[in-house]
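First comes the structure, then the notes that go with it.
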Amino acid sequence: MRVQSSATAPAPIAVAGPPRGRGFGALQAALGVVAFSLTFPATAWGLEGFGPWSLVAVRSVLAAVIAGGCLLALRVPLPARRHWPGLAVVAAGVVLGFPLLTTLALQTSTTAHAAVVVGLLPLTTALFSALRTGTRPSRTFWAAALVGAAAVVAFTVQQSGGALTTADLYLFGALLICAAGYTEGGRLAGAMPGWQVVGWALALCLPLTVPVAAVALSAEPVHLTAHSVTGLLWVAAGSQFLGLIVWYRGMAAIGIPKASQLQLAQPLLTLFWSVFLLGEHLPAAAPITAVAVLVCIAVTQRARG
């Protein structure tokens with residue numbers, strides 16, 4: 001296979017697609033949110049048979065194998081040099097940082113409590129986008145985003161008793177680096193297909209994830225069960241590859257700020273999966289919070305800017 005670097009003149013990186021594509025873009029972003037909502041329950045399953053370092057490294061390697069196979073099969077040329085710094089941010093934030101920090105947090109935190117991360121992630125991503133790309137959503141957008149974030153945070157903090165733990169520190173760190181990775185990935189998806197953004201970011205991590213996986217598998221106990229294998233396969237193929245593909249395509253089509261607000265529904269979807277798959281108790285306040293969040297999502301999607 002001949003791999004060559006793109007020699008075309010630099011093209012502007014789009015933040016939002018044409019109006020006709022925004023409905024389909026919103027659908028793709030929503031599918032990404034559904035895929036991400038399963039990440040915490042799948043990680044909890046994976047931790048039943050793998051150590052935290054093994055789970056994170058192996059999931060990245062498996063996702064990179066899938067993505068690399070697609071890149072090779074389609075003879076995709078290397079990205080232009082100007083795109084590599086952004087891909088490095090995606091790799092550090094989405095491929096490595098967020099999975100590692102949230103996996104460490106889920107060793108001592110329930111999936112319901114960990115949902116506070118994605119409760120704040122939409123607002124944080126919108127802020128990163130405003131700083132990085134210069135987008136200026138309307139005041140209505142920011143007001144609805146703040147209300148939605150406040151509703152999710154109030155719900156999750158109330159359920160956890162308001163105590164700050166080591167797991168919370170991991171989760172807040174994951175929040176910041178994931179928002180940066182989402183912003184760069186959504187920005188790059190305006191210049192190249194979303195699956196290539198994911199694929200090259202995963203490939204960029206292989207020199208690190210392969211040796212880490214080898215060392216971690218030899219140092220941490222491994223107990224293969226139906227749950228642990230299913231959880232590993234989902235976080236690798238579903239969350240870290242397919243989910244990111246549709247997510248970045250959606251962000252490129254409807255804009256990073258609006259796509260990010262669809263994630264306000266993610267904590268509530270995660271709660272549903274936590275009850276259905278893990279048997280965790282569903283708090284009585286969940287339906288009320290769900291209605292409040294859905295209203296906020298509707299407002300952010302209709303807001304100008």
- Query: Would you call Val222 and Leu217 a side-chain contact if the rule is heavy atoms closer than 4.5 Å?
  - Reply: yes

- Message: Run Phe50 and Leu224 through side chain to side chain contact (heavy atoms under 4.5 Å, CB included) and show every step you take.
- Response: CA-CA 8 Å; Phe50 296 91; Leu224 298 181; 3.6 Å; yes

- Relative to the ring of Phe272, is the ring of Phe276 parallel (under 30°), tilted (30 to 60°) or perpendicular (over 60°)? parallel

- Message: Just verifying a value: how many Å separate Ile256 CD1 and Tyr248 OH, rounded to the nearest 0.5 Å?
- Response: 9.5 Å

- Item | Modelled atom types, side-chain donor and acceptor of Ser274 and Thr111, under 3.5 Å | yes

- Query: If only atom types and distance count, is the side chain of Thr102 paired as donor or acceptor with the main-chain N or O of Phe98 below 3.5 Å?
  - Reply: yes

- Nearest-0.5 Å distance, CG of residue Asp168 to OG of residue Ser109: 7.0 Å

- Message: Classify the ring geometry of Trp84 against Trp200: parallel below 30°, tilted from 30° to 60°, perpendicular beyond 60°.
- Response: perpendicular

- Query: Does the side chain of Ser228 come within less than 4.5 Å of Thr225's, by heavy atoms?
  - Reply: yes

- Query: Within a strict 4.5 Å, meaning less than it, do heavy atoms of the Pro79 and Gln196 side chains meet?
  - Reply: no

- Query: Between Gln240 and Pro99, is any pair of side-chain heavy atoms under 4.5 Å apart?
  - Reply: yes

- Item | Non-hydrogen side-chain atoms of Phe40 and Leu106 separated by less than 4.5 Å | yes

- Message: Let me confirm one number: the CG-CG distance from Leu277 to Leu38, rounded to the nearest 0.5 Å.
- Response: 6.5 Å

- Item | Cluster overlap Leu131 with Met251, hydrophobic side-chain contacts below 4.5 Å | no

- Which is it for Leu123 and Leu146 under the side chain to side chain contact (heavy atoms under 4.5 Å, CB included) test, yes or no, and what are the steps along the way? CA-CA 7 Å; Leu123 179 61; Leu146 286 169; 3.5 Å; yes

- Task: Measure the shortest side-chain to side-chain distance between Tyr182 and Ser260 over non-hydrogen atoms and say whether it is less than 4.5 angstrom.
- Result: no

- Pair Leu96-Thr209, side chain to side chain contact (heavy atoms under 4.5 Å, CB included): steps then yes or no: CA-CA 9 Å; Leu96 297 177; Thr209 54; 3.6 Å; yes

- Item | Check: Trp195 and Val76 side chains under 4.5 Å, non-hydrogen atoms | yes

- Query: Between Thr108 and Ala167, is there a donor-acceptor pair closer than 3.5 Å when you use the side chain of the first and the backbone of the second?
  - Reply: no

- Item | Nearest-0.5 Å distance, CD of residue Glu48 to CG of residue Leu278 | 8.0 Å

- Message: Can you tell me how far apart CD (Glu280) and OG1 (Thr270) are? Round to the nearest 0.5 Å.
- Response: 10.5 Å

- Candidate pair Trp247 and Val33, rule side chain to side chain contact (heavy atoms under 4.5 Å, CB included), full reasoning: CA-CA 7 Å; Trp247 176 241; Val33 170; 3.8 Å; yes

